[in-house]
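All ligand and atom numbering here is 1-based and tracks the order in the structure. These numbers come from a predicted model, not from an experiment. Note that these values count all heavy atoms, side chains included, but never hydrogens, waters or copies made by symmetry.
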Amino acid sequence: MQTLNDLLVESKIFANREVLSPHFTPQKLVFREKEINFIERALAPSLKGERGRNLFVYGRTGTGKTTCTKYVINEVNGIPNTHARISYVNCRVYNTRFRVLNKIISDHMPTYAKRGYGTVDLYEKLANWIEEDSKILVVALDEIDVVKDLDDLVYTLTRINSDIRAGGVTLIGVSNKVSFKEELDPRSLSTLYESELVFSPYYSNEIYAIIKERAKDGFKPNIVSDEILHYIAAAAAKEGGDARFSLKVLSKAGELAEENASDKVSMDDAEHAVKTAENDVVYDLIVSLPEHQKLVLYSIVMLAESGGSYKKLTDGVDTYLFSGEVYNRYKSIAEGLHKAPKSERWYRNYIAELEMQGLIVSFDSGKGIRGHTKLIKLLYPSKKTRAVLEKDLFSVGEQRKSDEPATTGEDAGV
Ligand SMILES: Nc1ncnc2c1ncn2[C@@H]1O[C@H](COP(=O)(O)OP(=O)(O)OP(=O)(O)O)[C@@H](O)[C@H]1O
Ligand SMILES: [Mg+2]
């Protein structure tokens with residue numbers, strides 16, 4: 001389907017821009033039969049009115065977790081007369097227990113949701129609704145790691161199972177956060193991980209096949225060559241096997257061609273688009289870090305930029321920082337912002353997390369340099385990283401906490 005915009009301005013490049021959007025769900029999902037089948041098996045019992053095992057879906061960004069989960073949900077929703085009722089919840093939007101409960105209620109009992117009840121009322125309404133004709137409520141919590149009171153949410157949703165005599169609740173959690181498991185309460189952990197499915201990064205040839213298909217419908221004929229698709233696929237494979245990255249690049253390259261009024265996408269456009277997308281990735285990555293990880297990263301940037309007063313190691317090309325000094329700097333920056341600095345143990349976790357995200361590298365110095373110490377190097381240009389962090393950390397009125405809901409009735413004890 002063409003958008004109004006497409007119809008108004010007939011494009012020489014695009015046939016259907018929507019197909020190239022990362023939010024578009026293609027009808028055919030290649031290379032994920034096994035994963036789709038796994039999710040189907042997790043949901044199959046709910047069709048018959050049995051509570052299946054909870055499922056946890058993990059994998060790096062852009063590996064198809066959301067797309068495959070939604071795909072199976074659509075399949076199940078298409079089957080008539082079952083006991084299954086499904087709620088897909090994007091936890092970036094619904095990021096507290098109250099909001100998630102409210103979202104589930106508004107999916108299935110829309111008139112009730114609007115009345116401004118509290119958590120206890122919502123809970124009881126939901127439990128009764130499930131019990132009345134033995135429904136199985138499946139709640140897919142996408143980006144589950146961002147829920148602020150996740151342990152409470154998991155507890156509340158699973159408690160329904162012991163409070164009702166018929167029907168039940170099955171959970172599907174989806175996340176791309178590596179350290180998520182370690183931060184969970186042990187009880188939530190054993191609840192959520194009754195079964196687990198891991199999505200591995202796509203290989204270059206797989207990404208090629210994915211974007212080839214999208215390009216076919218998204219662009220007019222002969223606009224993007226195979227060579228360019230291969231180039232984009234290779235760049236996305238390097239970026240962690242991220243299919244979303246490849247789609248962003250593909251549409252950006254198309255936009256560039258259009259801006260230049262050319263009649264096809266050139267290699268220049270593609271290279272340019274890859275660079276832009278790489279910058280976007282780093283930007284998104286940095287702003288989505290938890291606050292103290294940002295502060296640690298900021299300390300690394302500050303030390304990397306500061307002159308000779310700090311001990312650094314350099315091999316002529318790269319500069320390495322001493323972990324202990326980064327920690328000290330982090331502590332004083334945190335204190336300066338009136339935030340209690342975390343312990344060294346947490347700090348080590350943060351370093352590991354930043355490394356996992358590809359923002360820094362760290363390694364042991366080996367014996368000889370001040371006994372045994374860790375050395376740290378920033379992987380992205382410090383100026384850019386600093387600009388992003390300063391805007392995010394110090395700009396007034398954009399503090400994270402200010403988006404706390406002003407809802408009433410966030411009762412405890414459910
Ligand atoms: N197997 C596939 N076939 C076709 N398109 C795919 C496939 N896998 C992913 N895509 C496309 O790649 C994009 C990203 O996929 P998706 O949003 O599912 O990733 P994700 O694993 O949920 O990432 P994140 O962890 O960042 O949320 C989507 O536009 C989707 O259409
Ligand atoms: Mg997703």
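Excluding water, every protein N/O/S atom under 2.8 Å from the Mg ion (ligand 2) is given here by residue and atom: T66 OG1.
Cation-pi contact between K342 and Y347: absent, since separation from the ring centre below 6.0 Å together with deviation from the ring axis within 45° is not met. Remark: R329 fails to qualify as a cation-pi partner of Y298 under the 6.0 Å distance and 45° angle criteria applied to the six-membered ring.
Across G240 and P201, no two heavy atoms sit closer than the pair O-CB, 3.4 Å. Nearest heavy-atom pair across V265 and I228 is O-CD1, 3.0 Å.
Tested against N37, the residues E33, R41, K34 include a single side chain to side chain donor-acceptor pair (under 3.5 Å) partner, R41.
Among residues at least two apart or in separate chains, side chain to side chain donor-acceptor pair (under 3.5 Å) pairs with a member in residues 252-265 are S11-E258, R17-E258, N260-D269. Residue pairs that meet the side chain to side chain donor-acceptor pair (under 3.5 Å) test with at least one member in residues 167-177, sequence neighbours left out, are D145-S175.
At a cut-off of 3.5 Å, with distance as the only test, a side-chain donor of Y330 or H292 sits close to an acceptor on the other residue.
One finds the CG atom of L389 at 5.0 Å from the CG atom of L297 (value rounded to the nearest 0.5 Å).
Within 4.0 Å of ligand 1, protein heavy atoms come from P22, F24, P26, L29, V30, R32, R60, T61, G62, T63, G64, K65, T66, T67, E143, N176, Y202, I210, R214, A243, R244, L247.
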